[in-house]
Number of protein chains: 2
Amino acid sequence: MKYNKNRKNREKLAISQIQSAGMRLTPQRLALAKRLFSGPDRHITAEELHSELKYADVRISLATVYNTLNRFTNAGLLREFFVDSNQSYFDTNTEPHHHFFYEELGKFVDVPINNLNIEFLTSPPKGTQVDSVEVFIKLSKVDSSNKK
Amino acid sequence: MKYNKNRKNREKLAISQIQSAGMRLTPQRLALAKRLFSGPDRHITAEELHSELKYADVRISLATVYNTLNRFTNAGLLREFFVDSNQSYFDTNTEPHHHFFYEELGKFVDVPINNLNIEFLTSPPKGTQVDSVEVFIKLSKVDSSNKK
DNA sequence: AAATTGTTTAGAATCATTCTAAATGTATTG
DNA sequence: CAATACATTTAGAATGATTCTAAACAATTT
């Protein structure tokens with residue numbers, strides 16, 4: 001019962017996200033939206049999503065994954081971010097927040113905005129306004145041999 | 001006189017940087033190192049450097065530019081950073097610092113580390129240590145029509 | 001200066017991403 | 001609900017940044 005209701009709700013959410021982007025509802029978009037928007041926040045690449053869908057027997061071309069991710073991003077449903085030169089990551093959390101990056105795992109974890117206090121000690125250059133502040137914190141396992 | 005001395009000093013600095021990376025001194029590397037290390041700090045791509053050198057009639061292949069930038073980076077003489085998915089930027093300033101990005105110009109400007117105070121309100125995850133903190137601040141021209 | 005080792009190069013290879021144009025699906029209208 | 005218009009998907013080609021390859025060349029060592 002509860003299970004089915006959640007399933008339904010997740011689908012509803014996915015559908016409303018697609019429509020809020022002014023996009024037609026298609027099976028491919030629904031499959032993507034369900035994986036992106038109904039569940040915990042994710043940091044994922046187009047290729048990762050594509051192989052996830054393939055594994056789940058959803059027929060979708062890589063071009064459509066790229067296409068859809070870009071349109072979701074333009075509609076403000078995703079945020080694109082860059083950590084290495086050869087692929088784009090998409091973040092399902094579009095609220096202002098920052099990132100921990102676990103170097104050994106190559107994985108990202110959100111840092112809620114209120115876990116970090118960023119204070120400008122001098123004001124930004126004349127004639128400019130701050131549009132966004134992105135903080136990227138690299139973490140590694142504590143090195144216990146690191147006795148100074 | 002003074003001009004020639006500066007020229008010499010710049011060359012000396014470039015040479016010592018190459019040698020500090022354990023690399024042989026070659027004309028190509030010297031040309032690159034002079035442009036990278038003797039002058040104001042830069043944020044530049046391999047292609048940009050390559051065409052700059054071409055313009056200055058320095059014969060060097062793009063492969064060598066990439067090669068050299070990567071080796072300088074591994075030696076800690078440069079820092080690589082990522083802002084869009086299709087090219088790598090190299091920063092000649094390897095001191096800890098942050099970046100302003102001028103959206104209209106597509107250009108970067110350093111934010112000295114002591115212009116920004118970053119306070120962790122909760123500690124990083126158990127068992128991890130913070131290796132680096134990178135802040136990226138997007139700026140745009142003030143929009144005077146922005147009356148709320 | 002011969003031999004060893006490192007560097008540069010042109011061009012090919014790679015890989016993420018975008019483009020193209022044809023086929024298919026969805027919506028709209030009478 | 002058929003006909004038309006319009007949007008989407010797709011396979012495969014194209015693109016563009018970067019890396020690889022292997023041959024020519026330069027620097028260093030003996």
Side-chain angles (χ1 to χ4, degrees), chain A residues 14-15 17-36 43-54 56-75 77-91 106, chain B residues 14-36 43-54 56-75 77-90 106:
Chain A
I15 292 174
Q17 293 279 67
I18 293 168
Q19 290 172 340
S20 82
M23 294 162 71
R24 284 192 186 165
L25 187 61
T26 67
Q28 293 88 343
R29 286 173 182 168
L30 186 56
L32 280 169
K34 271 157 75 178
R35 274 163 188 82
L36 290 168
H43 306 93
I44 197 163
T45 67
E47 299 271 1
E48 281 166 1
L49 258 177
H50 184 239
S51 59
E52 205 175 276
L53 287 169
K54 208 157 143 187
D57 282 317
V58 176
R59 231 186 87 82
I60 187 172
S61 75
L62 186 55
T64 299
V65 177
Y66 274 106
N67 225 332
T68 306
L69 288 176
N70 286 334
R71 296 197 55 186
F72 283 167
T73 301
N74 290 336
L77 301 179
L78 293 175
R79 179 157 56 124
E80 196 174 1
F81 69 107
F82 308 100
V83 265
D84 69 62
S85 64
N86 66 311
Q87 41 192 172
S88 291
Y89 278 80
F90 293 87
D91 189 342
Chain B
I15 293 173
S16 81
Q17 292 280 68
I18 293 168
Q19 290 172 339
S20 81
M23 293 161 73
R24 284 191 187 167
L25 188 59
T26 67
Q28 294 87 341
R29 286 172 183 171
L30 186 56
L32 278 170
K34 271 157 75 177
R35 274 163 188 83
L36 290 168
H43 306 93
I44 198 165
T45 67
E47 300 270 359
E48 281 166 2
L49 259 176
H50 184 239
S51 58
E52 207 174 274
L53 288 168
K54 208 159 146 186
D57 283 316
V58 176
R59 230 186 86 83
I60 187 173
S61 75
L62 186 55
T64 299
V65 176
Y66 273 106
N67 225 331
T68 306
L69 288 176
N70 286 334
R71 295 196 56 184
F72 283 166
T73 301
N74 290 336
L77 302 179
L78 294 174
R79 178 153 59 120
E80 197 175 1
F81 69 108
F82 308 99
V83 265
D84 70 60
S85 63
N86 67 309
Q87 43 192 171
S88 291
Y89 278 79
F90 294 87

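This structure is a prediction, so every number in the text was calculated from the model and none was measured. Numbered from 1 within each chain, the chains take letters A, B, ... in sequence-line order.
Taking B/Phe90 as the reference, nothing meets the ring-ring contact (aromatic ring centres under 6.0 Å, His included) condition, with sequence neighbours excluded. For the side chain to side chain contact (heavy atoms under 4.5 Å, CB included) test, no residue two or more places apart in sequence or in another chain qualifies with A/Ser51. Every residue two or more places apart in sequence or in another chain that forms a side chain to side chain contact (heavy atoms under 4.5 Å, CB included) with B/Ser16 is listed here: B/Leu13. Remark: B/Arg79 pairs with B/His97 by the side chain to side chain donor-acceptor pair (under 3.5 Å) rule, at least two apart or across chains. Residues satisfying the side chain to side chain donor-acceptor pair (under 3.5 Å) criterion with B/Glu48, sequence neighbours excluded, are absent altogether.
The distance from atom CD1 of A/Ile18 to atom P of C/dT26 is 12 Å, rounded to the nearest whole Å. Between B/Glu80 atom CD and D/dT19 atom P there is a gap of 8 Å when expressed in whole angstrom units. Between the CD atom of A/Gln87 and the P atom of C/dT14 there is a distance of 18 Å, given to the nearest Å. Remark: C1' of D/dG16 and OH of B/Tyr66 are 9 Å apart, rounded to the nearest angstrom. Taking atom CG of residue B/Leu69 and atom P of nucleotide C/dT8, one finds them 12 Å apart after rounding to whole Å. As a whole-Å value, the separation of A/Met23 CE from C/dA27 P is 13 Å. With rounding to whole Å, A/Asn86 atom CG is found 15 Å from C/dA13 atom C1'. Atom pair B/Leu30:CG and C/dT7:C1' shows a separation of 15 Å (rounding to whole Å applied).
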Between the protein and nucleotides 10-15 of chain D, which nitrogen or oxygen pairs come in under 3.5 angstrom?
from, atom 1, to, atom 2, distance (Å)
D/dT10, OP1, A/Gln28, NE2, 3.4
D/dT10, OP1, A/Arg59, O, 3.4
D/dT10, OP2, A/Ser61, N, 2.8
D/dT10, OP2, A/Ser61, OG, 3.3
D/dT10, OP2, A/Thr64, OG1, 2.9
D/dA11, OP1, A/Arg59, NH2, 3.4

Report each atom pair, protein N/O against N/O of nucleotides 24-26 of chain D, whose distance is under 3.5 angstrom.
none

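Going from atom CD of A/Glu80 over to atom CG of A/Asn74 covers 9.0 Å, rounded to the nearest 0.5 Å.
Interface residues of residues 45-53 of chain A facing DNA chain C, ordered by number: A/Glu47; criterion, heavy-atom separation under 4.0 Å.
For D/dT9, the OP1/OP2 oxygens have a side-chain nitrogen or oxygen of A/Arg29 closer than 4.0 Å. Between B/Ser88 and D/dA17 there is no side-chain N or O to OP1 or OP2 distance below 4.0 Å.
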Anything under 3.5 Å between a donor and an acceptor, one on a side chain of residues 19-33 of chain A, the other on a protein residue two or more places apart or in another chain? List them.
from, atom 1, to, atom 2, distance (Å)
A/Ser20, OG, A/Gln17, O, 2.9
A/Thr26, OG1, A/Arg29, N, 3.2
A/Arg29, NH1, A/Arg24, O, 2.9

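Shown here for A/Phe82 and B/Val83, the closest heavy-atom pair between the two residues is CD1-O, 3.0 Å.
The side-chain hydrogen bond (donor to acceptor under 3.5 Å, both in side chains) analysis of residues 56-70 of chain B, with sequence neighbours excluded, yields the pairs B/Ser61-B/Thr64.
The aromatic rings of A/Phe81 and A/Tyr89 sit tilted relative to each other, their planes meeting at an angle between 30° and 60°.
Using a 4.5 Å cut-off on side-chain heavy atoms (C-beta onward), A/Leu49 and A/Ile60 make no contact.
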